[in-house]
Amino acid sequence: MRRVGLNAYWLFLGLSSLSWLSAGTAWAALPHDDRGVDPAPVPVAALEAQLPVSGDAISQGLVSTSVATLSAIELSADGTQLIVRTDRAVGQISSGWHQRVTSHRIELTNTQLAQQVMLPDLTDHPNLLAVRVNQVDPTTVMIQLELTARTQVGTIAQPSPQQLVVPLGGTATAGPPVTSAAIAARIAAIELPNVSHSRPRIVIDPGHGGADPGAIGINGLREKDVVLPISLRVAALLEQQGAQVVLTRQDDRSLDLPPRVQIAERNRANVFVSIHANAISLSRPDVNGAETYIYASRDRPVADAIQASLVQATGFRDRGVKSARFHVLVNTSMPSVLVEVGFVTGAEDAPLLADPEFRELIAHAIARGILNYAQTHL
Ligand SMILES: [Zn+2]
């Protein structure tokens, strides 16, 4: 979401490694560098149980004293409800999923944040990853819940003027579209062309590995732990459909960039596909989506095929096919692409990238893209 206004402060709690920064901090929405040197992880501030909220709106007289003041968000003892505490009734309550994904927003009008807002400790919560509060304008507060992929949010109740109750989990009336059944249905809908007549030689390159974790995202999600399982499944699916597949690595080991190129060249690959996950600063959970990189024009058809399949199957935001001088693209002599399957730092993407079932969907989508290309070009 876009942070609006000078008084927009995000509070993160319950995540192992998140920082909070004031709105307006500029971060370029660039992918991490896959040419061999990823940017250093963003230094993270230690979190305390209570984080101060800007009182700027109050001290500047922008906030009327008749608005409700939100002082705490608590978790019920059993973890199934969030309780939002205010000193009087809030105005309008609107609530809904952001896009199709795992971020649920609750907007409260005629409400301001107290100078200190108590937020719950989410350390051991199974499916609530983060609670953020944000003063979007002097009388509107946005609560954003980051949830695991299959968590549902029920209808918000108002048992007293000073209390809102947000049910989490099983008894939902509105759930995220990304349920286990929905993922399975999407996988089942993916048709993989058979290429056993042409037996194309395909090299699959899981990015990073071993001592190089790649990017580190929300909840410590490591790029190498996302891309290896996806790559292994892509390889298995391609083989199942008749392709000859070589993986540059099959386990969690360090591998420089030149050997990845050598494996592709030595095997006279028809196509080289490097699989990565994207990242920017942890202060930019709003940046999400899939993109595919090429270097030469000969890379374009396979990139288009993979990107289209990936976006169609997953619903990831489409960041398009882009050009970059990545080592593995510049130095390979066959059509080669580098797929960034989503952002480990993205509030929408990260829970999906961390979900083995969703990774299976991603693998099917990438395999379909490669096979579609192989069927028409090889
Ligand atoms: Zn990478």
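Numbering of ligands and ligand atoms starts at 1, following listing order. Note that this is a predicted model, so its numbers are computed, not measured.
- Inclusion of E223 in the first shell of the Zn ion (ligand 1) is supported: an N, O or S atom falls under 2.8 Å.
- Of the charged side-chain nitrogens involved, at least one lies within less than 4.0 Å of a carboxylate oxygen, so that R317 and E348 count as a salt-bridged pair.
- Taking the six-membered ring where the residue is Trp, H208 and H276 present perpendicular rings, their angle passing 60° and hence far from 30°.
- Under the 4.5 Å side-chain heavy-atom criterion for ILVMFWY residues, no single connected hydrophobic cluster contains both V311 and V339.
- H208 contributes NE2 as its N, O or S atom closest to the Zn ion (ligand 1).
- By the 4.5 Å side-chain criterion applied to Ile, Leu, Val, Met, Phe, Trp and Tyr, I83 is assigned to a cluster that also includes V165.
- Considering just the N/O/S atoms of H276, the one nearest the Zn ion (ligand 1) carries the name ND1.
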